[in-house]
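The structure appears right after this line, and notes come after that.
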Amino acid sequence: MSFVRTYTKPRVFAAAVLGSLVVGALLGVLARQTGAGWLTDLLDQIGTIFTTLLQIAVIPLVFTAIVVGINSLRKLGGGRTAARLGGKTVMWFAITSFIASLIGIAVGRIFNPGSGGLGGVTATAKNADKAAASVDHWGSWDAFVNGLLPENFVKAFSDGETLQVLFLALVIGAAAYSLGDKAKPFVDFTTSVFEIIQRYLGWIVRLAPIGIIGLIGAAVSNYGDALFRPLFSTTLAVYVGCLLVLFVVYPILLRFVAKVSPLKFFAKAGTAIQFAFASQSSAATLPLTRQSAVNLGVQPAYAAFATPLGSATKMDGCAAVFPAIAAIFVANLAGVSLNFWQYVGIVVVAVVGALATAGTTGWLTAFTLTTSFIGLDAKQVALGLALIYSVNPIMDMMRTATNVAGQIVVPVVVARGEGLLDEEVLNAPTDRPQHSDEGTEARHTEPAPA
């Protein structure tokens, strides 16, 4: 896989990310304290450019990755093998979402965000308008189902409808798989496009430290104390819930189900998790996610299927931990005590509604679907959403890091159960990422450039 040639050394990347977080925060504080509007605008522009460069690749990446991933399963066996692998992958997605949602509920009950009021903090008019529009657009299952089917092929891509593109990719990928050699030219072309997008993203990864400075600096400058004080309990609850999933649930699955050392996992998946934290995009992190799974010994053919599917539908941070805590937050704002069946509803949405979280609006869709499903008042939902908007950049970092970690853990777990985990690759040194070109089993162990 060609993307490995731009795969950044984990220690170097980690140091760059941490340094950028500090520099960005300091510049944000400086801009806010001195009233330097030009500095705030500059930081915001840097962050916007970085985000835009990432988002350019999201739609074509989702489509090509899913099509290539489905057809790569041919190397592992026939249709029954593909169906079995797909079924087990989805099953583990559901299991981990179930566990993550229970953790979100437990942490939400402990922190009880919003129960003491917000100390006079109110939503800005801009956030309130945005929230009201979001609730109308995303807040029902009808909107989800109606938005699943595109009006036409081109419009789904031009409008950036990730969920519709995902649906098209699954259908077209399956059709190409069923046609076999007749569809080989199309699959080869799609694979080439996929490799080009990965190379492009490899270049953008190298710009991550600069982008992080802009994103963090603009957030601190624009929101200041609002990031930490009025909504501190909600933000802290999301971080605690995600950290429990990331450093308790996943290590337990790795140790006792996949028989993989959690330390080895985080050493090899660390770069992808860090980039997810910085970029706040599971889709943009996909090439790193896929390579991390391969470096952990997952057969490339299966990794090519499982990780792109996970990047769109496997979101324990955004679709399980966060909506559970956010629903409790909104209920407390409204002075409502959630009953047992409403908590059951939160879990049901987390497990069944994972597909609805596809794309960059994943957290938003999960939030509105969950709160509407359990019957919370629409006005209170809009208020809670407007307030969450102000701290969302900070929350989204931890949510996305958790999402991506889960997108790597599940393929490792399934691969172990299916005998598709290569021990030699798994135990290879961390700084020598394994490389498997599509269609071959040859491995190359040359170090990637920093």
Side-chain angles (χ1 to χ4, degrees), residues 1-7 52-76 82 85-86 89 150 152-180 182-205 272 275-276 279 281-294 298-314 355 358-360 362 404 407-408 411 435-440:
M1 190 165 137
S2 62
F3 182 77
V4 77
R5 299 189 183 279
T6 61
Y7 192 75
T52 301
L53 289 172
L54 288 175
Q55 294 306 320
I56 286 172
V58 166
I59 294 298
L61 180 66
V62 168
F63 180 81
T64 57
I66 292 293
V67 172
V68 171
I70 290 174
N71 285 274
S72 69
L73 291 177
R74 189 181 305 279
K75 301 166 189 172
L76 301 177
L85 286 171
T89 302
N152 61 69
F153 187 90
V154 176
K155 193 171 187 297
F157 283 82
S158 62
D159 290 350
E161 295 290 347
T162 308
L163 188 58
Q164 295 179 4
V165 171
L166 173 66
F167 174 80
L168 288 171
L170 289 170
V171 173
I172 293 172
Y177 184 97
S178 67
L179 288 171
K182 292 181 180 180
K184 189 175 185 301
F186 169 75
V187 174
D188 289 343
F189 171 76
T190 305
T191 301
S192 295
V193 175
F194 179 52
E195 294 291 342
I196 290 170
I197 296 169
Q198 289 191 104
R199 176 57 59 90
Y200 165 82
L201 282 172
W203 294 338
I204 303 305
V205 167
F275 185 73
S279 68
S281 173
S282 294
T285 312
L286 175 56
L288 288 171
T289 306
R290 184 184 181 192
Q291 186 61 46
S292 295
V294 172
V298 178
Q299 287 291 335
Y302 173 57
F305 164 77
T307 53
L309 181 64
S311 73
T313 63
K314 172 60 181 165
L355 184 61
T360 56
V404 167
Q407 292 159 17
I408 303 171
H435 172 201
S436 280
D437 292 319
E438 291 299 325
T440 73

Please report the closest heavy-atom contact between [X] and [Y], naming both atoms and the distance.
| X | Y | result |
| --- | --- | --- |
| Thr307 | Gln407 | CG2-O, 3.9 Å |
| Ala169 | Val67 | O-CG2, 3.8 Å |
| Val187 | Ala176 | CG2-CB, 4.1 Å |
| Ala303 | Val294 | CB-CG2, 3.9 Å |
| Ala156 | Val165 | O-CG2, 3.8 Å |
| Ala272 | Ser292 | CB-OG, 3.5 Å |

Atom CZ of Phe189 with >12 non-hydrogen neighbours under 6.0 angstrom: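 No, the 6.0 Å shell around CZ holds no more than 12 heavy atoms from other groups.
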Test item: [X] and [Y] side chains (from C-beta on) under 4.5 Å apart, heavy atoms:
| X | Y | result |
| --- | --- | --- |
| Ile172 | Phe186 | yes |
| Trp203 | Leu53 | no |
| Tyr200 | Ile204 | yes |
| Phe63 | Val193 | no |

Please round to the nearest 0.5 Å and tell me the distance separating atom [atom1] of [X] and atom [atom2] of [Y].
| X | Y | atom1 | atom2 | value |
| --- | --- | --- | --- | --- |
| Leu170 | Leu309 | CG | CG | 7.0 Å |
| Ser282 | Phe275 | OG | CZ | 11.0 Å |
| Thr190 | Asn71 | OG1 | CG | 8.0 Å |
| Ile197 | Leu286 | CD1 | CG | 10.0 Å |
| Phe157 | Ile59 | CZ | CD1 | 7.5 Å |

